[in-house]
Amino acid sequence: MGILDSKTPSGPLADKWTKHKNEIDLVNPANKRNIDIIVVGTGLAGGSAAATLAELGYNVKTFCYQDSPRRAHSIAAQGGINASKNYQGDGDSDYRLFYDTVKGGDYRSREANVYRLAEVSGNIIDQCVAQGVPFAREYGGLLDNRSFGGVLVSRTFYAKGQTGQQLLLGAYSAMNRQINRGKIQSFTRHEMMDLVLVDGKARGIIARDLVSGEIERHSAHAVVLATGGYGNVFYLSTNAMGSNVMAAWRAHRKGAFFANPCYTQIHPTCIPVTGDHQSKLTLMSESLRNDGRIWVPKKMEDAVAIREGRLRPIEIAESDRDYYLERRYPAFGNLVPRDVASRAAKERCDAGFGVNKTGEAVFLDFASAIARYGNEKAMTSGIKDPDKATITKLGEGVIEAKYGNLFQMYEKIVDENPYKTPMKIYPAVHYTMGGLWVDYNLQTTIPGCYAAGEANFSDHGANRLGASALMQGLADGYFVLPYTIGDYLSKDIRTGKISTESPEFVEAEAQVRERMQKLMSGTGIHSVDHYHKKLGKIMWNKCGMARNAKGLEEAIKEIAALRKDFWENVKVTGTMDSKNQELEKAGRVADFLELGELFAKDALHRNESCGGHFREEYRSEDGEAMRDDENFKYVGAWEHMGEPKDAKLHKEELVFENIELKTRSYK
Ligand SMILES: Cc1cc2nc3c(=O)[nH]c(=O)nc-3n(C[C@H](O)[C@H](O)[C@H](O)COP(=O)(O)OP(=O)(O)OC[C@H]3O[C@@H](n4cnc5c(N)ncnc54)[C@H](O)[C@@H]3O)c2cc1C
């Protein structure tokens with residue numbers, strides 16, 4: 001078991017980042033022109049990094065598998081982005097954002113990184129406003145804020161329910177300026193198939209042109225992976241269908257350690273699964289928990305009657321409703337962190353109080369908010385003694401202004417009007433806190449290979465608080481990586497262009513071709529999706545919201561057997577040297593089949609419950625997660641040794657000098 005060096009700077013917490021920036025090496029502007037950087041992934045993390053690096057003067061090549069950076073999965077982000085601006089004057093500060101994030105992650109993140117995140121959070125908002133991102137504003141013109149889970153302040157900036165899309169338009173515009181200047185060469189519909197190492201350093205990638213099927217070699221002095229999360233290992237998730245682990249996994253196989261793979265976020269407010277026909281789940285943003293109240297019937301007979309369609313939720317009296325989050329967690333109520341809210345929903349549904357046909361749904365109800373806003377609006381509009389219909393109409397107008405697009409999306413999918421009847425929601429896989437291990441500079445264990453955004457193991461510990469992923473991705477891309485990568489590249493100013501004709505590139509390309517050939521040569525009858533669905537079922541049932549040693553041991557065996565079957569029998573139609581989406585999927589699922597096993601192995605070794613990692617054996621009497629700080633206060637980073645079962649664990653012991661380690665409580 002090795003020990004990892006996080007390269008965290010010394011000194012007081014609040015001075016570390018400034019001190020580090022002052023001390024690291026820089027590359028002068030003239031030399032930057034001679035240095036090439038590959039950025040794989042142009043979502044918020046990669047797009048912001050590419051634009052900033054090019055603005056600084058580096059030559060950047062970007063890669064994404066979509067037809068435009070505009071279509072990265074980041075576009076789906078709905079609710080908002082955090083920053084400690086304290087515009088509400090409600091007591092926010094960098095320290096409080098730092099504290100909330102470390103506590104929210106159940107004390108499994110690196111203090112120095114999280115403090116830096118809080119420190120640059122305000123800059124992100126300024127940067128995005130300067131780009132023209134249309135954040136919501138209050139009547140007086142100031143930027144508006146709302147609240148997200150696990151915090152007692154309002155620090156979430158938002159653009160209706162389309163925050164990710166608007167931020168991505170900002171980053172994409174910044175990229176376009178550089179594309180126009182010739183500083184970014186943008187390769188869309190290109191997939192990174194492998195990382196190329198020369199003398200132990202990341203010096204390029206092998207990519208496939210997804211339209212022509214051609215295999216290409218691209219070299220650079222450093223490679224940044226900003227390729228998103230791996231929630232789709234569960235098959236069903238709120239992630240975009242194409243989200244995958246291939247780039248990170250290929251780097252892992254080349255020597256980048258993979259940290260905390262088992263830390264997955266299961267989001268409490270998603271549209272419930274309806275059957276086996278689905279390939280995608282839909283999120284109802286956490287922002288809805290600002291105004292929506294979550295409940296199930298108090299009486300079992302009411303729950304049964306609702307499931308059987310004999311009773312409607314609006315017919316159940318207030319006194320017969322169990323607002324279980326408000327009951328169990330009075331201080332945070334409906335805005336407890338996601339892991340806590342998800343487990344509480346599962347607990348009620350497992351106890352038989354679920355409210356849809358499958359028994360796996362709870363209500364998210366806006367009736368109180370509609371009445372509250374309606375009354376307020378009537379008062380501010382000078383309407384005296386308004387009747388119920390007027391109040392409802394006014395209240396619905398306010399709700400529509402805040403969450404209109406989310407309500408419309410719900411109605412389109414479910415065919416029920418959520419203004420009139422409560423939404424039905426259930427937890428679903430949403431985000432992965434695990435990822436490539438990086439040091440304070442965002443460098444992986446491969447020199448010259450960096451990871452940003454959801455692709456790295458990030459600052460969120462064992463559970464991410466809402467609206468923190470956009471903050472982290474943009475912090476990495478706009479404000480951290482552009483500094484820290486210079487320290488590494490300062491040693492490369494005399495290296496000159498990296499040749500793509502070296503034996504390392506030749507061999508990497510040959511390996512990519514061989515792997516594709518192998519994928520095409522399966523003689524069985526099952527499609528790639530068949531295997532992906534099977535993997536997803538194992539993951540959800542045995543590595544999902546609750547895990548135990550027996551289930552995890554079974555999962556490890558079952559995934560290994562499924563992987564063997566896949567490689568022998570998968571049927572991939574089409575050809576290798578043309579556009580072939582089945583082949584694309586096959587490559588991605590092959591990597592999920594390895595990652596899934598490592599995920600289970602990681603979950604099995606972590607004999608504690610923390611954040612999204614809930615081991616049934618380790619819980620308190622009232623069902624809360626029970627950490628074991630004595631034995632597991634570390635980041636677990638896995639080194640590839642051939643098969644996932646042989647992966648070797650390395651530990652980065654977490655040091656808490658500024659926050660007292662406590663039992664996490666939201667009561
Ligand atoms: C429905 C939904 C709503 C969300 N809402 C919020 C929110 O309100 N607030 C918040 O903070 N977070 C939210 N999140 C989380 C947040 O959106 C993501 O964590 C974040 O956008 C990830 O950004 P990224 O840049 O790291 O990755 P992505 O946006 O996923 O981008 C990945 C990029 O990598 C490229 N790529 C991947 N693999 C390869 C490869 N092999 N070769 C070439 N290119 C590759 C893709 O083409 C893409 O350009 C939400 C997530 C979901 C699913």
Side-chain angles (χ1 to χ4, degrees), residues 38-50 62-83 124 146 148 156-159 161-168 171-172 175 186-195 205-208 210 218 224-232 237-240 242-251 265 267 269-271 280-287 338 406 409 428-433 435 451-456 458 460 464-474 476-477 584 587-588 591:
I38 283 176
V39 179
V40 188
T42 47
L44 282 173
S48 58
T62 60
F63 294 82
C64 68
Y65 60 74
Q66 290 94 348
D67 56 357
S68 159
R70 272 271 284 113
R71 293 188 195 277
H73 156 68
S74 288
I75 201 174
Q78 302 171 347
I81 174 167
N82 289 332
I124 299 171
R146 54 191 178 198
F148 265 57
T156 304
F157 296 76
Y158 64 100
Q162 321 169 342
T163 314
Q165 170 161 212
Q166 299 304 333
L167 292 171
L168 193 59
Y172 179 53
M175 268 184 76
S186 162
F187 294 85
T188 57
R189 299 293 283 131
H190 273 67
E191 182 155 58
M192 166 180 155
M193 309 293 285
D194 213 347
L195 183 72
I205 63 167
I206 305 296
R208 180 163 181 266
L210 299 179
H218 294 272
V224 178
L225 301 180
T227 45
Y230 53 84
N232 279 352
S237 87
T238 62
N239 289 7
S243 296
N244 70 90
V245 78
M246 185 188 260
W249 197 254
R250 297 285 106 199
Q265 174 156 91
H267 197 298
T269 56
C270 303
I271 299 182
K280 169 94 184 73
L281 297 177
T282 307
L283 174 76
M284 288 287 105
S285 167
E286 177 160 317
S287 58
R338 292 173 180 176
L406 301 173
M409 197 157 80
V429 173
H430 179 64
Y431 181 90
T432 45
M433 281 76 67
E454 196 174 336
N456 70 27
S458 82
H460 312 292
R464 173 175 72 80
L465 291 184
S468 296
L470 301 184
M471 172 174 67
Q472 180 232 329
L474 291 179
D476 287 359
E584 288 169 33
R588 295 169 189 169
D591 285 341

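Whatever order the structure lists ligands and atoms in, that order sets their numbers, starting from 1.
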- prompt: With sequence neighbours left out, what residues match E454 under salt bridge (Lys or Arg N to Asp or Glu O under 4.0 Å)?
  reply: none
- prompt: R71: what forms a salt bridge (Lys or Arg N to Asp or Glu O under 4.0 Å) with it, not counting sequence neighbours?
  reply: D67
query: Are Q472 and N456 linked by a side-chain donor-acceptor pair shorter than 3.5 Å?
result: yes
message: Using a 3.5 Å distance criterion without hydrogens, assess whether the side chain of T269 forms a donor-acceptor pair with backbone atoms of M284.
response: yes
task: Give a yes or no answer on whether the side chain of R338 reaches the backbone of E286 with a donor-acceptor pair at less than 3.5 Å.
output: no
- request: Only counting residues at least two apart or in another chain, list the ones meeting side chain to side chain contact (heavy atoms under 4.5 Å, CB included) with A226.
  value: A45, A452
statement: Sorted by chain and residue number, the residues having a heavy atom closer than 4.0 Å to an atom of ligand 1 are V40, G41, T42, G43, L44, A45, F63, C64, Y65, Q66, A72, H73, S74, A76, A77, Q78, G79, G80, H190, E191, M192, A226, T227, G228, T238, N239, N244, A247, L283, H430, Y431, G453, E454, R464, A467, S468, A469, L470
